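Some notes on the structure that comes next.
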Amino acid sequence: MEKEKFHKNAYDMIYLTRCAMDGKKPDPKHLQDLNLEELFEVCEKHTMTACVAYALESAGIRDNRFSQAKEKSIRKNVLLDADRKKVLSRLEQEKIWYMPLKGAIMKDWYPKLGMRQMSDNDILYDGAYREKVRDIMLEIGFTCEHFGTGHDDSYYKQPVSNFEMHHALFSVSHAGKAYDYYKDVKERLLKDETNEYGYHFSIEDFYIYMTAHEYRHYENRGTGVRSLLDTYVFVKKYGDTVDWDYITAEMQKLEMADYEQESRQLAMKLFSGQDISQTEQEMLDIYILSGVYGSMEQLVERRFSRNQSDSKAVYIFHRLFPSMNQIKVYHPFFYRHKWLIPVLWVYRPIHGVVAKRKMVSEEIQYLFKK
């Protein structure tokens with residue numbers, strides 16, 4: 001889809017989402033020039049199809065693609081809830097502390113079931129039991145998608161249950177100071193009253209983590225418009241009661257205070273129907289195009305910035321020869337057996353071409369177009 005058409009349909013998506021969130025019927029004049037096929041494509045990119053489906057149905061517009069996406073989202077929410085209960089029950093039995101994250105909680109703050117589409121279920125747990133948790137997930141009927149690298153392990157269960165089990169919230173390679181801030185995360189948690197081993201964030205700390213997680217994506221490949229919608233939903237529900245001074249102070253520690261304030265202001269204006277400034281428009285464009293046109297470009301530009309060099313040779317060097325921190329997170333076997341690191345230098349490009357051919361191709365094309 002052409003960039004101009006993508007923009008136009010993204011604004012239609014935002015307008016219809018605003019109607020759905022407010023429980024208002026869309027203006028018939030705004031519906032006259034909708035292209036449902038293009039609108040669906042954009043909504044799918046931003047995982048906001050179910051919200052828009054509710055708005056379209058309120059206006060008497062029924063489209064099978066939107067209706068099926070909404071029903072699928074409702075079904076997935078229900079199935080993920082059921083599987084999460086099984087996982088948490090087993091963690092209780094094994095006396096492993098845990099905490100559900102992000103969407104598993106936020107979805108219940110949206111006006112209607114399924115409005116907040118779920119990609120996966122994220123759970124933080126005691127990292128000392130990483131292998132035990134893998135055994136638990138396999139016993140419940142999940143298959144292990146990846147294990148032993150990064151700050152989480154991935155599991156899947158038919159038909160729709162994707163689970164990311166986090167032994168940490170951030171890795172050393174992530175943006176800002178998030179890794180150090182959340183290194184001893186359990187000290188920041190509050191004990192649940194309804195179980196033995198469950199924990200939760202205070203509502204302020206929930207928002208801080210939600211924003212820090214969003215910023216990590218924003219600073220790398222980008223994050224979509226739904227991140228702004230999540231912020232809007234949070235502020236509408238808790239904005240009058242949270243301690244914003246505490247939030248600002250903690251975001252400053254994370255070196256994300258400016259981003260938090262700017263993204264929150266944009267979210268509130270956007271989904272309240274207010275006019276936005278030129279600067280906010282430019283920020284919104286990053287959200288709109290992330291994951292479509294701007295994702296690889298943004299990722300490459302961020303890597304150039306971290307290297308503090310515009311040299312393509314320096315860029316390629318860092319991609320071929322990762323730092324020890326990156327090796328520790330993404331290639332723990334080679335970190336434990338440092339004498340084999342020269343093998344990693346050969347393995348990485350070969351693995352990239354074989355397993356991530358499309359991504360590597362996009363990166364090379366943009367790099368040499370730059």
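Since the model is a prediction, treat every value here as computed from it, not as a measurement.
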Next item on the list: Using side chain to side chain contact (heavy atoms under 4.5 Å, CB included) as the criterion, point out the one residue from M251, E250, Q252 that pairs with E260.
Entry: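 Single side chain to side chain contact (heavy atoms under 4.5 Å, CB included) partner of E260 among M251, E250, Q252: M251.
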Check: Of K76, E145, M118, which is the lone residue that meets side chain to side chain contact (heavy atoms under 4.5 Å, CB included) with N162?
Finding: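 With N162 as partner, side chain to side chain contact (heavy atoms under 4.5 Å, CB included) holds for just one option, K76.
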Hydrophobic clustering (ILVMFWY, side-chain heavy atoms < 4.5 Å, transitive) - are [Y] and [X] grouped together?
X	Y	value
L169	Y98	no
I105	V87	no
I123	M106	no
L113	L79	no
Y129	L189	no

Check: Under 6.0 Å between ring centres, would you say that holds for W109 and Y207?
Finding: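 No.
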Taking C-beta and beyond as the side chain, do [X] and [Y] meet within less than 4.5 Å on heavy atoms?
X	Y	answer
D153	C144	no
R188	Y181	yes
K86	R90	no
H166	L101	yes
L91	L88	yes
S154	D120	no
L34	L56	yes
H200	F206	no

How about [atom1] on [X], more than 12 heavy atoms from neighbouring residues, nucleotides or ligands closer than 6.0 Å, or not?
X	atom1	result
E4	CD	no
D33	CG	yes
K236	NZ	no
K24	NZ	no
E131	CD	no
K191	NZ	yes
E139	CD	yes
E196	CD	no

Would you confirm whether [X], through its side chain, and [Y], through its main-chain N or O, come within 3.5 Å as a donor-acceptor pair?
X	Y	value
R116	D108	no
T248	W244	yes
R75	V160	no
E92	Y197	yes
T17	M13	yes
H46	G224	no
H167	G150	yes

Using every non-hydrogen atom in the two residues, find where [X] and [Y] come nearest and quote the distance to one decimal.
X	Y	value
P26	L16	CG-CD2, 3.8 Å
L229	M21	CD1-CG, 4.0 Å
Q117	S73	CG-OG, 3.3 Å
D243	E204	N-OE2, 3.0 Å
L254	A212	CD1-CB, 4.4 Å

Check: Cluster partners of L138, using ILVMFWY side-chain heavy atoms under 4.5 angstrom, listed by chain and number?
Finding: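 L138 shares its hydrophobic cluster with no other residue.
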Next item on the list: Show which residues join L190 in its hydrophobic cluster (side-chain heavy-atom contacts under 4.5 Å, direct or indirect), or state none.
Entry: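 L190 clusters with nothing; isolated.
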Checklist line | Pairs touching residues 256-284 that satisfy ring pair (Phe, Tyr, Trp, His ring centres under 6.0 Å), sequence neighbours left out | finding: Y215-Y259, Y218-Y259, Y232-F271
Margin query: Run the side-chain hydrogen bond (donor to acceptor under 3.5 Å, both in side chains) test on E44 and T49 for me, step by step, so that the C-alpha distance in whole Å, both residues' side-chain angles and the decisive distance to 0.1 Å come before the verdict.
Written below: CA-CA 6 Å; E44 286 288 278; T49 318; 2.6 Å; yes
If the condition is side-chain hydrogen bond (donor to acceptor under 3.5 Å, both in side chains), which residues does [X] pass it with, not counting sequence neighbours?
X	result
E37	none
D135	none
K107	D81
K186	Y199

Check: Does the pair D152 and Y125 meet the rule for a side-chain hydrogen bond (donor to acceptor under 3.5 Å, both in side chains), with working shown?
Finding: CA-CA 10 Å; D152 60 53; Y125 70 96; over 6 Å; no
Has [X] got its NZ or CZ under 6.0 Å from the middle of the six-membered ring of [Y], at an angle within 45 degrees of the ring axis?
X	Y	answer
R134	Y155	no
K157	F163	no
R264	F234	no

Applying ring-ring contact (aromatic ring centres under 6.0 Å, His included), can you list everything that pairs with [X], at least two apart in sequence or on another chain?
X	answer
H146	none
Y182	F170, Y209
Y156	none
F40	F66

Next item on the list: Write out all pairs satisfying side-chain hydrogen bond (donor to acceptor under 3.5 Å, both in side chains) with one or both partners inside residues 266-276, taking only residues at least two apart or from two chains.
Entry: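 Listed once each, the pairs are K269-E280.
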Next item on the list: Mind running side-chain hydrogen bond (donor to acceptor under 3.5 Å, both in side chains) on D285 and H7 for me, showing each step along the way?
Entry: CA-CA 8 Å; D285 284 348; H7 264 100; 3.1 Å; yes
Are any of the side-chain nitrogens in [X] or [Y] under 4.0 Å away from the carboxylate oxygens of its partner?
X	Y	result
R65	D63	yes
K70	E57	yes
K5	E41	no

